[in-house]
Amino acid sequence: MTMHQPRVSRRMSAVQQPIIPVVAELIRRHPGTISLGQGVVFYGPPPTASEAIRDFFVKPENQKYGPAQGIPRLLELIERKLAAENGIASGTGRRIVVTAGGNMGFLNALFAIADPGDEVILPLPYYFNQEMAIRMLNCTPVFVSTDENYQLRPDLIRAAVTDRTRAIVTISPNNPSGAVYSEDALRAVNAICREQGIYHISDEAYEYFTYGGAKHFSPVSGQGSEPHTISLFSLSKAYGFASWRIGYMVIPEHLYEAVLKAQDTNLICAPLISQYAAAGALETGSAYCRERLATIGRVRDIVLDELQSLADICRVPEAQGAFYILLKIDTDLDSMTLAERLIREHKVAVIPGTAFGLEKGCYLRVAYGALEPETAAEGMRRLVWGVRAIVGV
């Protein structure tokens with residue numbers, strides 16, 4: 001009797017392979033590689049986070065499930081933060097939901113607003129996990145070009161809207177480009193969403209990471225934005241919380257029930273111990289991150305200085321946010337081939353631009369948030385030398 005192996009979902013087969021584990025495996029095979037790949041920070045959570053965990057174990061009921069939307073103390077601290085730092089007042093047609101990181105917030109949003117076959121507009125370059133999530137739900141990502149500095153083109157975004165469009169996504173400060181979108185551009189996108197009856201999903205995970213006078217702007221702070229704006233935040237970057245998996249959504253009141261259905265089905269609630277730690281971190285406040293920005297800023301200067309020696313074969317657009325620089329290399333090599341050779345031959349890791357939807361040309365994302373200045377300098381020397389040796393100029 002012939003045995004047939006059950007097939008994998010066609011939907012999942014259309015989703016790209018996550019690039020971070022692929023690069024991590026290449027790094028594992030080549031010990032001593034300096035990673036300019038994964039987007040994490042060099043520091044961990046503040047002491048108040050670990051202190052808050054002690055309180056967690058005092059109450060036996062904490063071993064049970066918690067409320068899907070988040071524990072009251074954390075929600076209260078988030079409300080204060082949003083009002084003080086983002087200009088977002090609570091109780092005005094908005095609700096907050098604590099999630100297991102920003103990616104879960106994005107997936108929750110899609111479950112709440114989109115049906116199979118619907119379209120979601122992603123400016124290029126996109127963040128790969130968002131493109132993956134859209135395809136997982138049998139929706140269609142629609143890619144819209146940005147300008148030469150990866151800034152939004154509201155005219156092109158407007159032209160891409162169809163009767164199947166459900167949302168426009170913006171990430172500012174941006175992963176993977178490091179661009180910080182202007183307030184005018186974000187307001188323009190938000191206005192398009194209001195006029196067209198679609199949602200603006202604003203990913204603000206890197207809100208504190210700006211340089212050179214650039215300012216972060218939360219679109220949901222604009223008048224009349226409440227009914228159509230979904231804002232995503234995360235503690236992963238600002239508070240060194242990557243493994244703790246805590247983020248939160250600010251959503252219109254009318255989406256609350258739908259989002260909680262998705263959350264309850266996939267997660268029930270963000271882990272309570274992580275929520276306690278997050279409450280402790282927020283009690284310290286964003287000054288914890290801002291104090292460490294000086295170090296990241298020094299590393300950024302090192303990265304930019306080293307890249308100047310590649311000016312003849314490498315375009316380095318302005319990047320005033322997050323902790324990424326998206327390079328365009330003048331070569332016929334594809335970005336994955338170049339990234340693999342840099343690891344194998346020069347022991348430095350970057351992320352290929354194909355992971356972010358950049359198929360034409362050779363792009364590399366350099367991440368510098370995880371590095372101390374000395375390690376960054378050595379990593380960049382390897383990158384500069386490696387690119388020259390491989391490209392052959």
Side-chain angles (χ1 to χ4, degrees), residues 16-27 29-30 33-40 123-129 131 143 145-150 171 173-179 206 209 296 299-371 375-393:
Q16 68 166 295
Q17 186 76 10
I19 191 63
I20 297 298
V22 172
V23 172
E25 176 59 21
L26 287 167
I27 293 172
R29 293 178 189 172
H30 298 83
T33 297
I34 294 177
S35 178
L36 303 173
Q38 193 164 18
V40 293
L124 286 172
Y126 56 66
Y127 170 45
F128 48 78
N129 281 138
E131 185 263 354
F143 309 128
S145 296
T146 49
D147 70 15
E148 64 275 9
N149 289 314
Y150 307 119
I171 307 173
N174 188 259
N175 177 11
S177 72
Y206 298 89
F209 297 90
I296 295 179
V299 173
R300 176 176 177 269
D301 290 341
I302 291 169
V303 170
L304 292 172
D305 287 346
E306 291 288 342
L307 286 172
Q308 287 181 11
S309 62
L310 287 178
D312 57 322
I313 59 167
C314 173
R315 189 171 72 83
V316 184
E318 185 178 51
Q320 291 185 295
F323 32 76
Y324 306 111
I325 296 175
L326 190 60
L327 314 177
K328 184 177 183 182
I329 310 297
D330 185 10
T331 176
D332 292 332
L333 288 173
D334 68 88
S335 61
M336 189 64 201
T337 297
L338 181 53
E340 288 177 346
R341 289 187 61 183
L342 284 167
I343 295 172
R344 289 198 313 266
E345 301 170 21
H346 299 277
K347 291 194 173 182
V348 62
V350 291
I351 303 298
T354 48
F356 309 105
L358 299 174
E359 301 289 345
K360 296 179 180 179
C362 184
Y363 295 83
L364 301 175
R365 189 193 75 175
V366 174
Y368 54 85
L371 304 178
T375 309
E378 174 59 23
M380 289 306 299
R381 282 192 288 269
R382 294 183 189 184
L383 178 65
V384 169
W385 176 259
V387 168
R388 283 216 176 273
I390 295 168
V391 172
V393 293

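Reckoned from all heavy atoms, side chains included, excluding hydrogens, waters and symmetry mates.
- Take Glu131 and apply the salt bridge (Lys or Arg N to Asp or Glu O under 4.0 Å) test, not counting sequence neighbours, and it matches Arg135.
- Closest heavy-atom contact between Val299 and Ala376: CG1-CB, 3.5 Å.
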Exercise for the section: For side chain to side chain contact (heavy atoms under 4.5 Å, CB included), just list the numbers for Asn174 and Tyr150, CA-CA rounded to whole Å, side-chain angles, deciding distance to a tenth of an Å, and then say yes or no. Expected result: CA-CA 9 Å; Asn174 188 259; Tyr150 307 119; 5.8 Å; no
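- Heavy atoms only, all atoms of each residue included: His30 and Arg344 are closest at NE2-CG, 3.4 Å.
- The one candidate from Tyr368, Tyr206, Tyr127 that meets the ring-ring contact (aromatic ring centres under 6.0 Å, His included) condition with Tyr324 is Tyr206.
- Ala322 approaches Gly178 most closely through the heavy-atom pair CB-CA, 4.5 Å.
- Between Arg382 and Thr33 there is no side-chain heavy-atom pair separated by less than 4.5 Å.
- Scanning both residues, Ser309 and Val384, for their nearest heavy atoms gives OG-CG1, 3.3 Å.
- Closest of all the heavy-atom pairs between Arg365 and Gly37 is NH2-O, 2.6 Å.
- With a 4.5 Å cut-off on side-chain heavy atoms, Met380 and Asp305 do not count as touching.
- Counting heavy atoms from C-beta outward, Leu36 and Leu371 have side chains that approach closer than 4.5 Å.
- In this structure, Ile19 and Phe128 have side chains that are in contact, with non-hydrogen atoms separated by less than 4.5 Å.
- For Asp147, the side chain to side chain contact (heavy atoms under 4.5 Å, CB included) criterion is met by Asn149, Gln151, Arg153, not counting sequence neighbours.
- Between Val22 and Glu340, the closest side-chain pair of non-hydrogen atoms is not below 4.5 Å.
- For the pairing with Leu342, the side-chain contact (heavy atoms from CB on, under 4.5 Å) check across Leu383, Thr337, Leu26 returns one residue only, Leu383.
- Arg388 places no side-chain N or O within 3.5 Å of a backbone atom of Ile313 that could act as its donor or acceptor partner.
- Remark: Glu25 engages Arg28, Arg29 in a side chain to side chain contact (heavy atoms under 4.5 Å, CB included) (not counting sequence neighbours).
- With sequence neighbours left out, Val316 forms a side chain to side chain contact (heavy atoms under 4.5 Å, CB included) with Leu304, Leu307, Cys314, Ile325, Leu327.
- The distance from atom CD1 of Ile34 to atom CD1 of Ile343, rounded to the nearest 0.5 Å, is 12.5 Å.
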Using distance only, find each side-chain donor-acceptor pair of residues 345-364 under 3.5 Å and give its atom names and separation, not counting sequence neighbours.
| unit_1 | atom_1 | unit_2 | atom_2 | d |
| --- | --- | --- | --- | --- |
| Glu345 | OE1 | Arg341 | NH2 | 3.4 |
| Glu345 | OE2 | Arg341 | NE | 2.8 |
| Lys347 | NZ | Pro31 | O | 2.8 |

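- Among residues two or more places apart in sequence or in another chain, the ring pair (Phe, Tyr, Trp, His ring centres under 6.0 Å) test is passed with Tyr126 by Phe143.
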